[in-house]
Amino acid sequence: MADAVGAEHTFFSTCGSSLSVKSAMLAVAGPHEKLLVPRHVHKSVISGLIVSGVQPVWVRPHWDTEQGLTHPPGVREFAEAYERDPDVKGALMVTPTDYGTCGDIRAVAEWCHERGIPLIVDEAWGAHLPFHDGLPPWGMYAGADVCVTSVHKMGAAVEQSSVFHLQGGRVDPDVLKAREDLLGTTSPSSLVYAGLDGWRRQMAEQGKELLDGALRLVTSVRSRLGEQGLTVLYDEFLGPDLADSADPLKVVLDLDPLGISGYQAADWLREHRRVTVGLSDHRRIVAQFNHADDEETASTLVDALGALLEAAPSFETPPKVDIPSPAEMELETAMLPRDAFFGPAEQVSVAEAPGRIAAEMITPYPPGAPGVLPGEVLTQPILDYLRSGLGAGMELPDPADSALESVRVVAKR
């Protein structure tokens with residue numbers, strides 16, 4: 001596997017990339033040490049902070065105010081965070097995002113290495129990237145020290161199949177393996193290992209050909225959807241202070257012109273056309289293609305979306321989601337995530353929650369980037385956002401009170 005993707009060392013994980021990214025973090029920083037972390041990371045990274053006691057130095061992502069989402073930060077944002085607190089052991093970035101948008105790994109890696117710190121790339125959505133030069137850059141080729149991938153996402157493997165890769169001398173492979181041993185199961189599934197290795201062989205031998213076909217297919221699908229009158233996003237994500245590149249195999253549809261939400265669309269597609277999309281939010285759905293798709297699966301999607309377009313005028317007006325400004329989304333960190341999560345806590349009504357310190361994660365899912373972290377000071381705008389999102393169809397799997405009528409907060413002393 002290492003030979004196939006340009007790494008020096010490779011490790012298999014049967015506990016998904018959630019375990020792999022924690023292993024990488026713990027190999028770079030330990031309790032009370034610091035790590036540069038973009039605030040839009042997946043909840044697994046936040047879990048890694050809680051488990052390890054590492055102190056995050058938050059890096060501001062690129063805020064896309066037009067679309068109401070974030071893209072990976074660039075060198076400028078990492079440099080701003082580093083200037084505030086240079087006593088860091090390493091940096092982490094997430095690319096691609098769930099929407100397929102990518103950051104400039106090479107530039108960030110070079111910036112990190114000039115300062116003698118390693119770069120971890122949570123590339124969970126990028127398992128296919130090493131095998132075709134028409135896709136966004138692959139972390140190992142772009143100079144990252146550690147890359148984490150989920151083969152069950154954009155590859156071909158059963159759930160929980162993850163691989164993480166290492167190169168260079170900034171992270172000790174023995175330390176990385178020891179951290180994985182600390183977190184991983186002592187009874188790994190040989191079926192997962194076999195699936196990972198089978199996928200590796202298929203991609204090493206046929207990946208270019210298979211991905212050529214997938215890219216031709218998805219280009220055709222984008223064109224057909226546009227001809228139907230749907231808004232397919234791609235170029236809108238690219239540019240200064242946005243994304244550096246994007247994965248064309250993620251077909252992102254903006255449903256705002258239809259007056260419906262992504263939550264409504266996803267429910268309708270599943271119920272009426274037996275089509276499940278990869279992601280839905282307050283205004284978008286994302287359809288995910290990979291090397292296994294063909295004209296049959298593509299036509300199923302195109303036909304289903306055509307039917308959705310015809311049905312959309314009959315939908316009820318979707319509930320409004322109160323999306324805060326970027327500044328309002330950036331909550332004050334008053335305690336280490338670990339201290340707030342494990343410390344004394346109490347459940348208070350949502351009316352009493354503003355101004356209190358959260359003791360739990362509250363994560364819109366997908367994409368799984370927490371809106372609230374343990375240790376952050378709760379505000380009215382963020383609570384209004386989460387409660388309105390819940391009412392509109394957002395999934396919130398984390399809070400103790402799934403209705404979000406109350407919130408778990410750090411107990412007053």
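- Here the straight-line distance linking atom CG of Asp401 with atom CZ of Arg408 works out to 12.0 Å at 0.5 Å rounding.
- Taking 4.0 Å as the cut-off between side-chain N and carboxylate O, Arg201 and Asp197 do not count as a salt-bridged pair.
- At least one donor-acceptor pair under 3.5 Å links the side chain of Thr297 to the backbone N or O of Asp294.
- Salt-bridge formation is not detected for the pair Arg273/Glu310: no Lys NZ or Arg NE/NH1/NH2 atom is positioned less than 4.0 Å from an Asp or Glu carboxylate oxygen.
- Summarising the geometry, atom CG belonging to Leu258 is positioned 10.5 Å from atom CD belonging to Gln264; distances are rounded to the nearest 0.5 Å.
- Residues Met25 and Val45 form a side-chain contact, since some pair of their non-hydrogen atoms from C-beta on lies under 4.5 Å apart.
- Around the CZ atom of Arg115, the shell of radius 6.0 Å holds more than 12 heavy atoms that belong to other residues, nucleotides or ligands.
- Judged by distance alone, the side chain of Ser52 and the main-chain N or O of Gly48 form a donor-acceptor pair under 3.5 Å.
- For the pair Arg356 (side chain) and Val410 (backbone), a donor-acceptor distance under 3.5 Å is present.
- A donor-acceptor pair under 3.5 Å is absent between the side-chain atoms of Glu123 and the main chain of Met140, judged by distance alone.
- Rounding to the nearest 0.5 Å gives a distance of 9.0 Å between OG1 of Thr300 and CD of Glu295.
- Using a 3.5 Å distance cut-off with no hydrogens or angles, the side chains of Asp281 and Tyr99 do pair a donor with an acceptor.
- Looking only at distances, a side-chain donor or acceptor of His62 sits under 3.5 Å from a matching main-chain atom of Pro72.
- Remark: Glu209 CD to Leu211 CG distance equals 10.5 Å, nearest 0.5 Å.
- Minimum heavy-atom separation, Met329 to Ile382: SD-CD1, 3.6 Å.
- Side-chain atoms of Thr219 and Pro248, non-hydrogen and from C-beta on, never get closer than 4.5 Å to each other.
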### Task
Evaluate the salt bridge (Lys or Arg N to Asp or Glu O under 4.0 Å) criterion for residues Glu77 and Arg39: first the C-alpha distance (whole Å), next the side-chain angles of each, then the deciding distance (0.1 Å), finally the verdict.
CA-CA 11 Å; Glu77 289 73 27; Arg39 180 55 185 83; over 6 Å; no

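- Checked by atom type, the side-chain pair His282/Ser261 shows no donor-acceptor distance below 3.5 Å.
- Using a 4.5 Å heavy-atom threshold, the side chains of Trp125 and Gln288 count as touching.
- Listed by first and then second residue, the ring-ring contact (aromatic ring centres under 6.0 Å, His included) pairs involving residues 18-43 are His42-Tyr365 (not counting sequence neighbours).
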### Message
Pair Phe78, Met93 - check side-chain contact (heavy atoms from CB on, under 4.5 Å), show working.
### Response
CA-CA 10 Å; Phe78 278 95; Met93 67 186 301; 3.9 Å; yes

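- With hydrogens and angles disregarded, no donor-acceptor distance shorter than 3.5 Å links the side chain of Arg76 to the backbone of Asp241.
- Side-chain contact between Val5 and Trp138: present, with at least one pair of heavy atoms (C-beta onward) separated by less than 4.5 Å.
- With a 4.5 Å cut-off on side-chain heavy atoms, Leu269 and Leu305 count as touching.
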### Task
Evaluate side-chain contact (heavy atoms from CB on, under 4.5 Å) for Thr185 paired with Leu19, printing each intermediate quantity in order.
CA-CA 10 Å; Thr185 178; Leu19 179 140; over 6 Å; no

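- Taking 4.0 Å as the cut-off between side-chain N and carboxylate O, Arg60 and Glu330 count as a salt-bridged pair.
- Every residue two or more places apart in sequence or in another chain was checked for a salt bridge (Lys or Arg N to Asp or Glu O under 4.0 Å) with Asp339, and none qualifies.
- Among all heavy-atom pairs drawn from Ala403 and Leu390, the shortest one is O-CD2, 3.4 Å.
- Taken to the nearest 0.5 Å, the CZ atom of Phe237 stands 11.0 Å off from the NZ atom of Lys250.
- Below 30°, between 30° and 60°, or above 60°: for Trp111 and Tyr82 the angle between ring planes is above 60°, a perpendicular geometry.
- Taking 4.0 Å as the cut-off between side-chain N and carboxylate O, Lys320 and Asp322 count as a salt-bridged pair.
- Other residues, nucleotides and ligands contribute only 12 or fewer heavy atoms inside 6.0 Å of the CD atom of Glu395.
- With hydrogens and angles ignored, the 3.5 Å screen pairs a side-chain donor or acceptor of Gln167 with a backbone N or O of Ala144.
- Proximity of a side-chain donor or acceptor of Thr149 to a complementary backbone N or O of Val151 within less than 3.5 Å is not detected.
- At distances below 3.5 Å, not a single donor-acceptor pair connects side-chain atoms of His71 with backbone N or O atoms of Leu242.
- For the residue pair Ser150 and Ser17, a side-chain donor N or O sits within less than 3.5 Å of a side-chain acceptor on the partner.
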### Message
Go through it in stages, so that I can follow the logic: the residues are Gln206 and His291, the test is side-chain contact (heavy atoms from CB on, under 4.5 Å), and I'd like the CA-CA distance, side-chain angles, deciding distance and then a yes or no.
### Response
CA-CA 10 Å; Gln206 304 170 2; His291 65 282; over 6 Å; no

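- Between atom OG1 of residue Thr65 and atom CD1 of residue Ile323 there is a gap of 11.5 Å, rounded to the nearest 0.5 Å.
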